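Predicted model only: the values in this text are computed from it and were never measured. Throughout, a chain's letter reflects where its sequence line sits, starting with A, and its residues are numbered from 1.
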Amino acid sequence: MMEIAGEQMRSAAPAMGEDNGVSPAERRERQERRTALMLISPGVLWMTLFMVLPMIMVVYVSFWTQTTFTVEPELTTDSWVRFLTSSTYLASTWTTVRIWGIVLLSTLLIGYPVALFIGLMVRNQTLQTALLVICVIPFWTSFLIRVIAWRPMLGTEGAINMILMKLGIIDTPLTSLLFSEFAVLIGMTQIYCVFMVGPITFMLSRIEPSIIEAARDLGAGFGRIFFKVILPLSLPGVIVGAIFVSVMVLGEFATAASLSGRKVNLLGNIIVSQVGSLKWAFASVAGVILTAIIAVVITALLRVVNLRKEM
Amino acid sequence: MLSLSSVTKRYGDVTALDRLSVTVPDDAYVSLLGASGSGKTTLLRVIAGFEEPDGGTVTHDGRRLDGVAPHRRGIGFVFQNFALFPHLSVADNVAFGLRYREDNPVRDAAELKKRVADVIHLVGLEGLETRKVTAISGGQRQRVALARTLVTEPRLVLLDEPLGALDANLRERMCDELRAIRERLKVTFLHVTGSETEALLMGDTVAVLSAGSIAQIGPASSLFSAPRSADVARHLNAYNVLSGRVRKGGFEGAGGRFPLPGELPVRDGAPVEIALRFDRISVAPAGKGAAGGASIPARFIASEFTGASVLSFFRLDDGTLLQVVAHLSGPAPRSFTKDELYDLSFNPQDVIPFTERAA
Amino acid sequence: MEARVLKPVLGVYCAAFILFLYGPMIILAILSFQGPGGGPQFPIIEWSTYWYQHLLGMTPPGRISRLPIGDSLLRSLTLALMTTVVSTVLGVITAQGFRARFKASGVVFYLVILGMIVPGVLVGLGMALLTNMLGIDRSWWGTAFVLHVVYTFPFAFLVMLAIFNRFDRSVEEASLSLGVSPVQTFRRVTFPMIFPGVLSAMLFSFTLSYDEFSRTLFTSGRQLTLPLTIYGTFSVEIYPNIFAFGVLTTLFSFTLLLIYALLMLRAVRSAQSFKGQEEAE
């Protein structure tokens, strides 16, 4: 209160000098802080209005009353009860978590050796950059196109079946490749793997070669060096990659919609289909549950490594 | 005239400037000597307005400066790293202030061109006007930085270790040029440096900054011959400083006992520090110290030639290091044996005692 | 010794990984040259550019309906451009604000970063609920646009924050000490020097917005953007025309990338100097 009063007095009588015990220096610093706050306020306002408010809305509407085609702002837990007692929806929650877990693991297992090669084995800067650029270039293709591109690969008459038959490995085409959980998993792994490769490569490329040489001089084998030196030093990269992949996979619905033939229903798909049939309250419940899962996953990942300290 | 009164600046728990007061006269070359961490850069930044003091006032020609935005202070600043505008040519760097300043910008192209040409001539950058500042040498960048500041005709120019980034040869030449340019323009230069030779060479007036405040300010010669505190003596890098106690009007401490000149205003047993110039000490084999004077026994460690003189290091029993300078123009200095004991003799009249710490 | 074996093995593995990344797109590109009677799979019954012509409306109307890309392409480009401008401006001024120390900076930082973490389908849902309640019509240039900015602004902000972290403040101070006001200093010194960063922020914003669909799905109203048009084909049978479209849109993105690379090269050349000054410190 005192401060506000002081400000008003000063703006009324700017020439009074050191009134209210505020030195000119202090006044200038306040002025500069005010300028900084003015600069950040449009961004803060934007995020509050268009992100925080909608998210609050999701939580709020999840307690509204759902009628056939509308929602009424009468608070009820009906939608929650229906969701939590429906085996279909609980199953899709479980599917979401399962798909996330498998994709996280497969991107890590497939991506780590690639990062190991680019970040640690290739010591030529230009080649290193070139390899990373090659990995990133597919991102300049539309995400949806990259999803669709798996259809002619995996289909009954697709490229993989064709090659396998030509090689004589199979006689009849595999029908379970496309429109199955496998298709969703391989599609997501391919699309999100680079988010794992990038951060790990970054951390690995920062390891001093002399550290590894020193360990080797002490007689440590590669396995020992890997688990004692390389893996711990690259852990922050793994965590950052895991956060990227988790956030994207958990919010997914397009890959499942395109490649699973409606066999895989993630929480994202539930939201889309419920909105499609105007079940807003129900979509909101799924949204809140999805938010909770993401929050838990990210918090858990951040527990593993203190990123602020490592970066 | 620039004057700072009781200026204090803290960063967290660290006090960079501690109730610092100083007056810088007009049309003078003032050098400010301070070790790294003494707060000298902070002092310049407070004067320029890049930082605001936590307490105290800064006035320039009767105008209160603290709280005024830096671009309204009318004070030039030459950065240690030059801080040139990398996207502009030499001429555009120099013209920058005149062209874009808030107060009285020069809009007339012909006048702008003339004033830029004048200052480029003054600092000797002719022929480089269209070059990118990235395509010129370190010494030339220094000149651009200076020209860019001088062209706006500030009454006071702050120079933050302006020669620090130059090699030794260039530094000497720039020293002379800086002095000449300043005398021609009649502006005040406040030049901060960590080098005592640079400070004494450049400044008409030298101020020694120690622990966030001005320890002594005065003409270079008087400062050098009569430091007012042990701190100042240490900064000048020409004095051995010993600490001990007053005993019967004399000194007692590391190195033994010897008489002190004049009457000391303290009681017996009070702590005292003494300063003894490197070049006022003569070295003799142990037990053969000059009679009549004072002498301290010490072991020889090493010598090093510094061009016109030899600098020798000796160690007292308690570990204190003493330095002795012998000029090569004098009687040929003996070579000493390592770890051998010698007598370091001097005239007690040359000893400068400091008792203020005791108070 | 093991490393000597490991390196070539990992090299081969890495090559296989790159094939895994590019394989589907290569197959898609090959199949886009399928003949008029062929399906979205092998074998290629005859090589032709029929589906490209079909896409561009140069074939007589037939059994397979044309992809409505004309209008949606225009909408997506406009939307991406709007998003680029707004999120880059927001990114630059917010990052500039972050250069001064203020108490709430931690909270504000996470608030902004949240925009790239929250799944699009969630904010999309929330925005749809909000507009329902307030009775506002949804449109690609309104509700979808603000959500696109929510998504791309954090990227622009992070890019600019990284640029300002490496920025030599003394150059700005030099300008101030010459009597140039802070606003002019920003315009004449800061902005030219951070321009390469601004370009990167713009590229990020444009490509992310151009490809964004989960935020657009619930918020664009009746008029579809390009990704939504493609999404619409997910539920129906696909034809090679969508493959042809994939090839074209990829080529378009690469053109954009090339323009960016050329602009960047020019900007970096003119601001290279930075290094020279850091040596002096």
request  = Apply the test side chain to side chain contact (heavy atoms under 4.5 Å, CB included) to residues Ile200(A) and Val240(A): give CA-CA distance (whole Å), side-chain angles for both, the deciding distance (0.1 Å), then the verdict.
outcome  = CA-CA 8 Å; Ile200(A) 300 176; Val240(A) 170; over 6 Å; no

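- Annotation: cation-pi geometry not satisfied between Arg215(C) and Phe145(C) (NZ/CZ under 6.0 angstrom from ring centroid, within 45° of ring axis).
- Considering only heavy-atom pairs separated by less than 4.5 Å from chain A, the leading option among Ile93(C), Val146(C), Ile27(C) is Val146(C).
- Of the listed residues (Leu90(C), Asp211(C), Thr94(C)), the greatest number of heavy-atom pairs within a distance under 4.5 Å of chain A belongs to Asp211(C).
- Side-chain contact check for Thr216(C) and His148(C): at least one donor-acceptor pair (N or O, by modelled atom type) lies under 3.5 Å.
- Only the side chain of Pro154(C) comes within less than 4.5 Å of a heavy atom in chain A; its backbone stays farther off.
- For Phe155(C), the CZ atom counts as densely surrounded, since its 6.0 Å shell holds more than 12 non-hydrogen atoms of other residues, nucleotides or ligands.
- A donor-acceptor pair under 3.5 Å links the side-chain atoms of Gln66(A) to the main chain of Leu278(A), judged by distance alone.
- Heavy-atom distances place the side chain of Thr207(C), and not its backbone, under 4.5 Å from chain A.
- Interface residue Ile134(A): backbone and side-chain heavy atoms are both found under 4.5 Å from chain C.
- Remark: the Ser106(A) side chain and the Thr189(A) side chain contain an N/O donor-acceptor pair separated by less than 3.5 Å.
- With a 4.5 Å cut-off on non-hydrogen atoms, Leu226(C) does not touch chain A at all.
- Between chain C and the residues Ser41(A), Pro42(A), Pro152(A), the most heavy-atom pairs under 4.5 angstrom are made by Pro152(A).
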task = Just do the ring pair (Phe, Tyr, Trp, His ring centres under 6.0 Å) check on Phe98(C) and Phe102(C) with the steps written out, would you?
result = CA-CA 8 Å; Phe98(C) 261 71; Phe102(C) 58 96; 5.4 Å; yes

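- Both the backbone and the side chain of Phe20(C) come within less than 4.5 Å of a heavy atom in chain A.
- Of the two parts of Ile18(C), only the side chain, counted from C-beta on, holds a non-hydrogen atom closer than 4.5 Å to a non-hydrogen atom of chain A.
- Counted by atom type alone, Thr143(C) and Arg138(C) present zero donor-acceptor pairs between their side chains at under 3.5 Å.
- Using a 4.5 Å cut-off between heavy atoms, Leu250(A) does not touch chain C at all.
- No side-chain donor-acceptor contact under 3.5 Å links Ser209(C) to the backbone of Ser205(C).
- Taking Ser258(A), Gly251(A), Ala36(A) one by one and counting their heavy-atom pairs under 4.5 Å with chain C, the maximum is reached by Ser258(A).
- Each of Leu125(C), Ile230(C), Thr249(C) has some count of heavy-atom pairs under 4.5 Å with chain A, and the biggest count is that of Leu125(C).
- Using a 4.0 Å cut-off between charged side-chain N and carboxylate O, Arg99(C) and Glu172(C) make a salt bridge.
- Taking CD of Glu212(C) as the start and OG1 of Thr83(C) as the end, the distance is 9.5 Å to the nearest 0.5 Å.
- Contacts between Ile298(A) and chain C at a heavy-atom distance below 4.5 Å involve the side chain alone, from C-beta outward.
- Of the two parts of Val272(A), the backbone and the side chain both hold a non-hydrogen atom closer than 4.5 Å to a non-hydrogen atom of chain C.
- Most heavy-atom pairs under 4.5 Å with chain A: of the set Val89(C), Leu130(C), Leu28(C), this distinction falls to Leu130(C).
- Interface check for chain C: of the options Val194(A), Val122(A), Val44(A), the most heavy-atom pairs under 4.5 Å are formed by Val44(A).
- Using a 4.5 Å cut-off between heavy atoms, Ser284(A) contacts chain C through both its backbone and its side chain.
- For Thr291(A), the parts lying near chain C are the backbone and the side chain together; criterion is any non-hydrogen pair under 4.5 Å.
- Heavy atoms closer than 4.5 Å to chain C are found in the side chain of Phe253(A), but not in its backbone.
- Ranked by heavy-atom pairs shorter than 4.5 Å toward chain C, the options Gly43(A), Gly155(A), Ser246(A) are led by Gly43(A).
- Neither the backbone nor the side chain of Leu248(C) has a heavy atom closer than 4.5 Å to any heavy atom of chain A.
- A salt bridge links Glu32(A) with Arg28(A): at least one charged nitrogen is closer than 4.0 Å to a carboxylate oxygen.
- Rounded to the nearest 0.5 Å, atoms CD (Gln190(A)) and CE (Met25(C)) are 9.5 Å apart.
- Contact count versus chain C (heavy atoms, under 4.5 Å) is highest, among Gly111(A), Gly268(A), Cys135(A), for Cys135(A).
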ask   = Passes ring pair (Phe, Tyr, Trp, His ring centres under 6.0 Å), Phe195(A) versus Phe139(A)? Steps please.
value = CA-CA 11 Å; Phe195(A) 290 100; Phe139(A) 282 86; 5.0 Å; yes

task = Step by step, work out the side chain to side chain contact (heavy atoms under 4.5 Å, CB included) result for Phe179(A) and Leu259(A).
result = CA-CA 5 Å; Phe179(A) 300 133; Leu259(A) 300 180; 5.8 Å; no

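- For Ser62(A) (side chain) and Val285(A) (main-chain N/O), no donor-acceptor pair under 3.5 Å exists by modelled atom type.
- When the candidates Arg262(A), Arg151(A), Met38(A), Met47(A) are compared by the number of heavy-atom contacts under 4.5 Å with chain C, Met47(A) comes out ahead.
- Chain A forms more heavy-atom pairs under 4.5 Å with one residue of Leu114(C), Leu31(C), Leu147(C) than with any other, namely Leu114(C).
- For Val114(A), the parts lying near chain C are the backbone and the side chain together; criterion is any non-hydrogen pair under 4.5 Å.
- At a 4.5 Å heavy-atom cutoff, Val59(A) makes no contact with chain C through either its backbone or its side chain.
- Heavy-atom distances place both the backbone and the side chain of Ile137(A) under 4.5 Å from chain C.
- Annotation: Phe206(C), atom CZ; neighbour count of heavy atoms from other residues, nucleotides and ligands within 6.0 Å is above 12.
- With a threshold of 4.5 angstrom between heavy atoms, Phe213(C) approaches chain A through side-chain atoms but not through N, CA, C or O.
- Put simply, of Tyr151(C), Tyr231(C), Phe157(C), Tyr210(C), the one with the most heavy-atom pairs under 4.5 Å next to chain A is Tyr231(C).
- Proximity to chain C is limited to the side chain of Ile118(A), based on heavy atoms less than 4.5 angstrom apart.
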